[in-house]
Asks: 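There's a structure below that I have some questions on.
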Amino acid sequence: QVRLVESGGGLVQAGDSLRLTCTASGDFFSNYAMGWFRATPEKEREFVAAISWNTWTGTSTNYADSVKGRFTISKDNTQYTVYLQMNSLKPEDTAVYYCAGRPFVLATMASDYSYWGQGTQVTVSS
């Protein structure tokens, strides 16, 4: 089955940057959407960003308002590696960040995603 593995989390100071990486393995089709979610004691699996691609429309992205302008989701030339570049980090960005995947169309609800990584901790100190 599909496996997603996140990496790149850590402890940083406010204003610093991190880049998270999600690497997928398993039986994938060509057209997929992948997203980043974060979980805190206050909110479970909050949407952060998503990216989708297919042979008809190319690449599309979507961001939560709370991270727009600071975070950038991208992929490399292979279809199964996705990044989340996080700049100007704030203490409120502290969370466990999860990579998620689903077929075809990007979504903002965690329940719409089929595959999940184990999470990587991001802690931003003041």
Side-chain angles (χ1 to χ4, degrees):
Q1 189 51 260
V2 173
R3 177 180 294 179
L4 304 179
V5 179
E6 305 96 334
S7 62
L11 174 63
V12 298
Q13 297 180 226
D16 285 352
S17 297
L18 282 173
R19 189 180 75 163
L20 306 183
T21 299
C22 176
T23 301
S25 61
D27 190 11
F28 277 85
F29 295 100
S30 298
N31 305 307
Y32 258 84
M34 299 185 73
W36 289 96
F37 292 77
R38 61 190 184 186
T40 67
E42 296 81 20
K43 187 175 295 183
E44 186 171 347
R45 303 295 171 97
E46 175 191 22
F47 173 73
V48 177
I51 187 167
S52 65
W53 59 92
N54 58 62
T55 57
W56 299 276
T57 63
T59 302
S60 299
T61 59
N62 192 240
Y63 297 91
D65 289 341
S66 60
V67 306
K68 198 170 186 178
R70 298 189 297 122
F71 292 8
T72 302
I73 189 169
S74 63
K75 62 180 180 67
D76 64 14
N77 291 330
T78 67
Q79 196 162 332
Y80 303 133
T81 301
V82 176
Y83 306 95
L84 185 67
Q85 179 67 46
M86 305 185 294
N87 297 327
S88 301
L89 282 163
K90 304 174 180 179
E92 52 262 43
D93 295 317
T94 295
V96 178
Y97 283 71
Y98 294 89
C99 178
R102 71 184 305 271
F104 300 114
V105 181
L106 65 79
T108 61
M109 296 292 293
S111 59
D112 290 331
Y113 284 81
S114 303
Y115 312 110
W116 292 88
Q118 84 291 340
T120 185
Q121 177 70 49
V122 173
T123 302
V124 185
S125 66
S126 60

Asks: Quick check: is Y63 connected to F47 through a chain of hydrophobic side chains (ILVMFWY, heavy atoms under 4.5 Å apart)?
Replies: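 Each belongs to a different hydrophobic cluster.
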
Asks: If only atom types and distance count, is the side chain of E6 paired as donor or acceptor with the main-chain N or O of C99 below 3.5 Å?
Replies: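 Such a contact is found between E6 side chain and C99 backbone.
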
Asks: What I'd like to find out is whether the side chain of Y115 reaches to under 4.5 Å of the side chain of Y32, using heavy atoms alone.
Replies: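 Yes, side chains in contact.
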
Asks: Please give me the minimum heavy-atom distance between P91 and A14, naming the atom from each residue.
Replies: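 Taking every non-hydrogen atom into account, CD-CB, 4.1 Å.
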
Asks: Other residues, nucleotides and ligands only: do more than 12 of their heavy atoms fall within 6.0 Å of CD on Q121?
Replies: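 For Q121, atom CD is crowded (more than 12 foreign heavy atoms under 6.0 Å).
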
Asks: Roughly how far apart are S88 OG and D16 CG, rounded to 0.5 Å?
Replies: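 Separation between the atoms: 9.5 Å.
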
Asks: Evaluate the ring planes of F71 and Y97, with Trp represented by its six-membered ring, and classify them as parallel (under 30°), tilted (30 to 60°) or perpendicular (over 60°).
Replies: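 Judged by the thresholds at 30° and 60°, the geometry between F71 and Y97 is tilted.
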
Asks: I need the T123 OG1 to D93 CG distance, nearest 0.5 Å.
Replies: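 The CG atom of D93 is 11.0 Å from OG1 of T123, to the nearest 0.5 Å.
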
Asks: Between A107 and A50, which heavy-atom pair has the shortest distance, and what is it?
Replies: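 Scanning both residues, the minimum pair turns out to be O-CB, 4.0 Å.
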
Asks: Starting at CD1 of I51, measure out to NZ of K75 and round the result to the nearest 0.5 Å.
Replies: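 Answer for the CD1-NZ pair, I51 versus K75, is 6.0 Å.
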
Asks: Does the cation-pi check pass for R45 over F37, that is, NZ or CZ under 6.0 Å from the six-membered ring centre and within 45° of its axis?
Replies: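 Verdict for F37: no cation-pi partner in R45.
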
Asks: Could you check whether any side-chain heavy atom of S60 comes within less than 4.5 Å of a side-chain heavy atom of L106, counting everything from C-beta outward?
Replies: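 Yes, side chains in contact.
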
Asks: For T61, check side chain to side chain donor-acceptor pair (under 3.5 Å) against everything at least two apart and list the hits.
Replies: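 Once residues adjacent in sequence are excluded, T61 has no partner under the side chain to side chain donor-acceptor pair (under 3.5 Å) criterion.
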
Asks: Show the nearest heavy-atom pair for residues L4 and Q118, with the distance to one decimal.
Replies: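 The answer is O-OE1, 3.8 Å.
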
Asks: Can you give me the closest heavy-atom contact between S17 and Q85, atom names plus distance?
Replies: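 Heavy-atom minimum between the residues: CB-NE2, 3.9 Å.
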
Asks: Please report the shortest heavy-atom distance between A33 and S52, naming the atom on each side.
Replies: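 Smallest heavy-atom distance, with atoms named: CB-CB, 3.8 Å.
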
Asks: Would you call K90 and R70 a side-chain contact if the rule is heavy atoms closer than 4.5 Å?
Replies: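 Contact flag for K90/R70 side chains = yes.
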
Asks: Taking it one step at a time, do T40 and E46 satisfy side chain to side chain contact (heavy atoms under 4.5 Å, CB included)?
Replies: CA-CA 8 Å; T40 67; E46 175 191 22; 5.6 Å; no

Asks: Report the residues that fulfil salt bridge (Lys or Arg N to Asp or Glu O under 4.0 Å) with K68, sequence neighbours left out, ordered by chain and then residue number.
Replies: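 Testing K68 for salt bridge (Lys or Arg N to Asp or Glu O under 4.0 Å), a comparison that skips the adjacent residues, returns none.
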
Asks: For the OG1 atom of T72 and the CZ atom of R19, what is their distance to the nearest 0.5 Å?
Replies: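 Taking OG1 in T72 and CZ in R19, the distance rounds to 12.0 Å.
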
Asks: Does V67 belong to the same Ile/Leu/Val/Met/Phe/Trp/Tyr cluster as Y113, with side-chain heavy atoms less than 4.5 Å apart forming each link?
Replies: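 Different clusters.
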
Asks: Which distance, rounded to the nearest 0.5 Å, do you find between the OH of Y83 and the CH2 of W36?
Replies: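 So the OH of Y83 and the CH2 of W36 are separated by 10.5 Å.
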
Asks: Does the pair V122 and R38 meet the rule for a side chain to side chain contact (heavy atoms under 4.5 Å, CB included), with working shown?
Replies: CA-CA 9 Å; V122 173; R38 61 190 184 186; over 6 Å; no

Asks: Which of these passes side chain to side chain contact (heavy atoms under 4.5 Å, CB included) with L18: V12, L11, T120?
Replies: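 Of all the options given, the one that passes is V12.
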
Asks: Between T94 (side chain only) and V124 (backbone N and O only), is there a donor and an acceptor less than 3.5 Å apart?
Replies: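 Side chain of T94 to backbone of V124, a donor-acceptor pair under 3.5 Å: yes, one is there.
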
Asks: Would L89 and L84 show up in the same hydrophobic cluster when neighbours are defined by side-chain heavy atoms closer than 4.5 Å?
Replies: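 Yes; L84 is reachable from L89 via cluster members.
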
